[in-house]
Every structure is written in C-alpha cells, then in structure tokens.
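Only heavy atoms go into these numbers, but all of them, side chains included; no hydrogens, no water, no symmetry mates. Start at 1 with the first residue, then count along the sequence.
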Amino acid sequence: MSTHLSRELSKPIRFVIDAAVRAPSPHNTQPWRFVFGTTWIDVLLDRERVLAVADPTGREARLSCGAAILNMRMALRAAGRLPVVSLLPESSRPDLLARVWVRGRNQATPDDVAMYRAALNRRSNRKPFTDQVVPARVRRLLVAAAAVEGAELRLLEQPAELTALARLLREAERLQADDPAFRAELERWTAGDAGRMDGVPETVDSYSARSSTLLSLRHFGGQAESVRSYEQDPLVAVLGSHTDAPLAQLRAGQAMQRVLLTATIVGVSASFLSQPVELPASRAALRAQLGGRLQPQVVLRLGYGYPAASTPRRAVEAVSSREPGLLGSEG
C-alpha cells in the first residue's frame with residue numbers, strides 16, 4: 001500500500017502534507033489524517049489519537065490540526081500557489097475539519113518563504129532559556145501574528161499576572177500527577193521504541209524547574225529528570241479566542257502556529273505550558289484572570305535558548321489516502 005500511495009502522491013500534494021505534519025501536538029500524538037484529490041486536501045481529526053483523559057473534548061487536537069492547516073497554507077504560498085481554506089465544510093461530518101484547495105498561481109514573497117522554512121525548522125524548546133529579555137519590538141510582532149488569524153495573544157508582563165498563572169500551573173500539574181488515568185495515558189505516549197514515529201521520545205529534554213524558579217514544565221514519566229536553572233523572569237503568553245466552538249479552536253490553532261513560526265523567524269524559542277488549559281477548573285480560573293472576555297486556548301513560555309532536538313513525525317504515506325473515484329472531478 002505504501003508503494004502504491006507513493007505513486008499516487010503528486011509532488012505538490014506531498015510537499016504540502018509534509019509541511020502539515022510538522023505542526024505541534026499534545027504528547028506528539030499527531031491527531032490528523034489527510035485525504036487528497038488532484039486540487040484539494042481534506043484535513044480530518046483522527047479520533048484514535050485524541051487524548052481521552054487530557055483532551056476529552058478534542059480541543060487540543062483541533063488546535064493541532066489548525067496549526068497543520070496554517071503550515072499547509074504557508075507551504076502553498078511559498079510554492080507560488082494560492083491556498084483557499086474552507087473550515088468545517090460539511091456539518092454532517094464534524095471530523096472533517098477543513099478542505100484546503102490548491103488554486104491558481106500566486107507570487108511568493110520573502111515572508112512566505114520565511115514562514116514555510118520556519119514551519120520545517122520550528123521546535124518546541126523545553127530547555128532553560130537565558131535571562132535575555134525579549135524586546136518590545138519582538139513582543140509586538142508576536143501579538144500582531146495572533147491578530148492576523150483573529151486571535152489575541154495576551155502577554156503576562158505584570159508580576160501579579162505571572163504569579164497567578166504559576167499558581168494555576170502548579171495546582172493543575174499536581175492534580176494531573178495524582179490522577180492514575182492521566183499518568184497511564186502519558187506513559188502510553190512516552191515512546192519506548194527507538195523506531196517509533198510518534199509520542200514523546202526518550203531523548204526529549206526533561207528538566208525540573210520546581211525547586212528554583214516560578215514555572216514548572218511537564219515531566220514525561222520514564223525519562224531521567226535533571227534539575228537545571230531556568231530563567232528567573234520568564235515571558236509567558238496566553239493565546240485566546242473569543243468563542244470556544246470547534247471553528248474558533250481551528251482558527252486559534254492557526255493563530256498559535258503563526259505566533260510560533262514568527263517566533264522561530266526572529267530567533268525566539270517557545271514551549272507549551274498546557275496544564276492550566278487542560279483542566280476545566282484551572283482553565284476557567286485563567287479565563288477569569290484574563291478578564292472573562294477570552295477563552296484561553298494555549299499558554300506559551302517564550303525566550304532565548306539553545307537549539308532543541310526535533311521530535312519524530314509519521315511519514316506522509318502513513319497519514320494520507322487518496323479519495324477514491326474522484327480523479328478529474330475536482331473543481
């Protein structure tokens with residue numbers, strides 16, 4: 001099947017899906033599938049890869065698929081093609097998240113090429129960052145990147161805001177660590193096989209910040225944990241949407257990815273602080289902290305750090321299939 005599908009995948013389609021699968025996902029679950037025709041690619045939610053405990057509604061999985069859609073858009077624009085995206089195109093198929101049409105020629109700009117290259121090179125960086133301050137100009141760029149996709153990036157620049165977020169983070173982490181179902185799910189996605197192309201590899205950086213700094217990063221169980229000195233004044237941002245429906249989550253995922261790609265271009269590292277938005281109570285408390293207007297979708301730690309290793313991705317053939325019987329019928 002893989003050999004046959006390799007023949008079916010045209011070079012442009014492969015190019016776009018290869019960019020899509022570089023998107024981030026919780027525990028590197030890669031919760032997507034792609035079905036393609038000659039002029040379009042469907043993005044589908046892979047229910048078997050949605051985290052039943054950490055993400056029971058599929059919200060984080062839809063954010064990840066939104067990030068994949070943004071990567072597809074950037075790949076097409078860099079290739080000189082015009083992407084046209086229809087989100088949730090069929091109400092009777094809620095797991096059909098988007099159809100991405102490959103339309104006419106479009107002159108690629110330097111920004112298009114830079115964003116595509118960033119999609120290939122972006123890494124989540126769990127290592128300690130330096131204490132170099134992210135300048136105001138860069139902060140404005142990141143805020144503007146979220147706004148392009150209709151979301152809002154709120155920087156927690158006041159000490160009281162950061163302290164409140166850290167309190168939520170620690171409590172959410174404690175509750176998850178005390179939950180046997182959560183621990184079992186996390187263990188299932190902590191890769192033990194050297195050849196596994198999903199999950200969190202044993203080589204991922206796993207450090208503890210509990211003893212010396214404000215923020216605490218998730219520890220992936222089964223891996224050696226070492227204590228390192230983290231930045232003393234971290235920059236934390238919350239990306240929020242104005243509603244919390246699946247459509248808003250897909251748009252927020254695209255905004256998240258545009259922020260991450262913009263950060264990559266300007267040399268800023270990012271890692272996820274997912275605990276506060278994975279539990280309903282802490283997410284509601286975070287929303288209240290933000291003034292009650294935004295639905296918090298993503299919490300990011302931003303700063304300057306050393307390069308991080310990449311995590312594995314499944315091959316294009318493993319996540320793609322050809323829509324049968326539609327050759328030549330796409331409009």
Side-chain angles (χ1 to χ4, degrees), residues 1-25 29-50 58 61-106 108 112-113 115-120 122 149 197-198 246-247 249-258 260-261 313-331:
M1 178 178 174
S2 178
T3 302
H4 173 71
L5 186 56
S6 293
R7 291 196 299 266
E8 288 286 334
L9 282 164
S10 67
K11 186 176 180 181
I13 296 295
R14 177 185 294 277
F15 175 79
V16 173
I17 297 177
D18 178 67
V21 301
R22 311 297 183 99
S25 58
T29 48
Q30 303 171 42
W32 42 62
R33 294 187 296 113
F34 304 93
V35 177
F36 60 91
T38 55
T39 59
W40 51 264
I41 306 170
D42 282 348
V43 182
L44 296 103
L45 181 66
D46 188 340
R47 288 281 174 182
E48 294 183 359
R49 291 176 169 270
V50 175
R62 281 186 285 272
L63 291 174
S64 296
C65 290
I69 292 165
L70 192 281
N71 279 5
M72 297 167 76
R73 290 167 53 198
M74 297 301 100
L76 286 168
R77 293 191 68 87
R81 302 302 295 269
L82 183 65
V84 176
V85 179
S86 177
L87 297 177
L88 300 176
E90 298 181 22
S91 59
S92 61
R93 300 174 63 193
D95 289 346
L96 174 56
L97 302 183
R99 174 162 289 184
V100 180
W101 295 94
V102 183
R103 294 303 194 191
R105 296 290 175 183
N106 185 60
D112 293 333
V113 175
M115 290 288 279
Y116 167 67
R117 289 176 176 167
L120 301 185
R122 183 211 61 84
E149 302 296 334
M197 300 309 292
D198 58 6
L247 181 61
Q249 292 162 7
L250 289 172
R251 288 174 173 160
Q254 293 179 80
M256 172 188 76
Q257 188 68 352
R258 187 177 283 275
L260 293 174
L261 299 188
R313 292 295 190 272
R314 292 178 292 158
V316 170
E317 289 85 356
V319 298
S320 307
S321 61
R322 171 80 191 191
E323 181 72 12
L326 292 181
L327 182 61
S329 67
E330 296 87 349

Is there a donor-acceptor pair under 3.5 Å between the side chain of Arg122 and the backbone N or O of Leu261? no
Got more than 12 heavy atoms from elsewhere within 6.0 Å of CZ, Arg314? yes
Does Arg22 use its side chain to pair, donor to acceptor, with the backbone of Asp18 at less than 3.5 Å? yes
Point-to-point distance, once rounded to the nearest 0.5 Å, from CG of Leu70 to CG of Leu260: 9.5 Å
Quick one: does any side-chain atom of Asn106 pair with a main-chain N or O of Arg77 as donor and acceptor, under 3.5 Å? no
When you measure from the side chain of Ser321 to the backbone of Val35, do you find a donor-acceptor pair of N or O atoms at a distance under 3.5 Å? no
Name the orientation class of the two ring planes belonging to Phe15 and Tyr116 (parallel below 30°, tilted from 30 to 60°, perpendicular beyond 60°). tilted
What do you reckon, is CZ of Arg251 surrounded by more than 12 foreign heavy atoms closer than 6.0 Å? no
Using only atom types and a distance under 3.5 Å, with no angle test, would you say the side chain of Gln30 pairs donor to acceptor with the backbone of Met197? yes
Contact check, side chains of Met72 and Val43, non-hydrogen atoms, under 4.5 Å: yes
Side chain of Arg47, backbone of Gly58: donor and acceptor closer than 3.5 Å? no
Kindly say whether Arg81 contributes a backbone atom to a donor-acceptor pair with the side chain of Arg105 at under 3.5 angstrom? no
Do Glu323 and Phe36 come within less than 4.5 Å of each other through their side chains, counting heavy atoms only? no
Can you tell me if Arg103 uses its side chain to pair, donor with acceptor, with the backbone of Val84 under 3.5 Å? no
Value rounded to 0.5 Å, distance of CG in Leu45 from CH2 in Trp32: 11.0 Å
Can any side-chain N or O of Arg258 pair as donor or acceptor with the backbone N or O of Glu149 at less than 3.5 Å? no
